[in-house]
Amino acid sequence: MRPLAPISQTTRFVLGILFFVFFFAAWAFATLGGFVSPTFLADPVTMLNDGWVLLTKHGFLGDIGITIWRVIGGFILAALVAVPIGILMGAYKPIEAFLEPFVSFARYLPASAFIPLLILWAGIGEFQKLLVIFIGSVFQIILMVAIIVAGVRRDLVEAALTLGARDRGILARVLIPSSAPDIAETLRLVLGWAWTYVIVAELIGSSSGIGHMIIDSQALLATGQMIFGIIVIGVIGLISDFLFKAANRRLFPWSLA
Amino acid sequence: MSKLLIDNVSRVFPPVRGGAPVQALQPTTVTIADNAFVTILGPSGCGKSTLLRMVAGLDTPTTGQVLLDGKRVREPGPDRGMVFQSYTLFPWLTVAENIAFGLREKGISQGERRAVVSQWLERIGLTGFADHYPKQLSGGMQQRTAIARALANDPAVLLLDEPFGALDNQTRSLMQELLLGIWERDRKTILFVTHDIEEAIFLASRVLVMSARPGRIKADVPVTLPYPRHYTIKTSPEFSSLRAQLTEQIREEAVLAAAEH
Ligand SMILES: Nc1ncnc2c1ncn2[C@@H]1O[C@H](COP(=O)(O)OP(=O)(O)OP(=O)(O)O)[C@@H](O)[C@H]1O
Ligand SMILES: [Mg+2]
């Protein structure tokens, strides 16, 4: 192993899988070997069984669907609001001076702490769930996008100026395209966080979704189901991450070439 | 006829963190004739970039003014094309799109843009690379594209700030010949900053030598070698004597600059 030396695709794939194998082996060893009481931690086989029952008998697929829709809905709302504001903040210093202090403050307000308040305001319907994700994501995206846009290489802006670009040209044809890959990367990151918010939102005052299933299973001490739920979240996160990365590669070939 | 007038232009940078203000350029007056190829030669830190940036309108003089065709320069504009020392091609645009950038900002139609771009691709020998991204090009190819990008805009003057500074010697002399060839045909007014003495002589009809910081123009040396110039001219006696003369001038400044630090 040498620092930064590249490895082949196959090696990368095999090593990536290997960790999962170790992980499951250690888990199976601890549980099936009788080192951990099944009350606290189900073994992998029970977990898969419980998961199968959940999917076939309890309509867990519907829960998964509703959770995905909440995450994506709240996340898209947040992105639609935050990306333009972030771009304007990064590009125009007066807008930055006006908004930055508030956004920095709001960013530290934990979305989960808003849940009781949001239930008062918006009830326990879908809108409230979307709001939790929205509040959790929107300020983060604004701030990170603003930093990305403000950090666009100054010499590129100057080159565009000497080529006759005016304010709007600089914004539309230098600042935005230059920061687009990093903005997409930020969105990928924040989407990951949105998953945490949705589960918390579903743990409190909800009658559907993966989070709701997990809290229900707690009452029954069904650790197999709880772990299955958690793993499903991880797998969906992995898939969405993969799709996001693939889309970024397609959209911005110039940034990797 | 004077194309560009640098009139009593100086630049003092405000102090950084309680230090003293930095005088980068002493009041400087130069007249640049239309169609001239002028090189500005000076040691590092003498204010060459500062001067060029003020002509470009990217920086504002502390005193004095820059006049282009009698009009005062207040901000950057397409009449003053610039090639930077750092690679400043837009990485998200292909070579062809980079060259077309200025034309697009001017609102010139796609068809016309394509014609100008293909003509420039041919002149810089990159026709086969039209659809490459800057990352896929060598440094020399990138700077050629940057020159084409600036010239496709048909500016009144072309400003170049050590455009070949990061290139190896072979590439550098090929690039000099390419630029010279373009100038010999188009006779665009060029202001070219360098710290390479041979480069300054080979290209220019006039060399301005700058003193160490705070910069001022300490010598104004006409180069009477005839155009078109072939690279073999670098071994001619006239060239050698100019080189000796300028080397002496620059050495004095380098010694001064070294003593200061
Ligand atoms: N934005 C700035 N703020 C403060 N000082 C500056 C600034 N830009 C340049 N200077 C100072 O002005 C002086 C001249 O800088 P300039 O970049 O013009 O030199 P140069 O002749 O182009 O040098 P080089 O050959 O190394 O590029 C330097 O001492 C530099 O420290
Ligand atoms: Mg410089």
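Note on naming: letters A, B, ... go to the chains in the order of the sequence lines (proteins, then strands), and numbering restarts at 1 for each one. Given the structure is predicted, the values throughout are model-derived calculations rather than measurements.
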Positive for side chain to side chain contact (heavy atoms under 4.5 Å, CB included) with B/Leu58, one of A/Thr162, A/Val157, A/Asp155: A/Thr162
Any chance [atom1] of [X] has more than 12 other-residue heavy atoms, nucleotides or ligands included, within less than 6.0 Å?
X        : atom1 : value
B/Phe13  : CZ    : yes
B/Glu184 : CD    : yes
A/Trp193 : CH2   : yes

Part of B/Leu89 lying under 4.5 Å from any heavy atom of chain A: backbone
Verdict with reasoning, B/Met82 to A/Glu158, per side-chain contact (heavy atoms from CB on, under 4.5 Å): CA-CA 9 Å; B/Met82 180 129 173; A/Glu158 291 186 339; over 6 Å; no
Close side-chain approach of B/Pro91 and A/Leu156, heavy atoms under 4.5 Å: yes
Heavy-atom side-chain proximity of A/Ser178 to B/Trp92 below 4.5 angstrom: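 Contact flag for A/Ser178/B/Trp92 side chains = yes.
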A/Arg173 bridged to B/Glu97 by N-O distance under 4.0 Å: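 The answer is no: the pair does not qualify as a salt bridge.
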Chain B contact via A/Ala180 - side chain, backbone, both or neither, heavy atoms under 4.5 Å: neither
If every non-hydrogen atom of [X] is compared with every non-hydrogen atom of [Y], which pair is closest and at what distance?
X        : Y        : value
B/Thr88  : A/Arg153 : CA-NH2, 4.1 Å
A/Gly164 : B/Pro78  : CA-CD, 3.6 Å
B/Arg149 : A/Ala159 : NH2-CB, 3.6 Å

From B/Leu93 atom CG to A/Trp254 atom CH2, the distance as rounded to the nearest 0.5 Å: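 The distance works out to 9.0 Å.
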Atom pair CG (A/Leu161) and CD (B/Glu75), whose distance is rounded to the nearest 0.5 Å: 9.0 Å
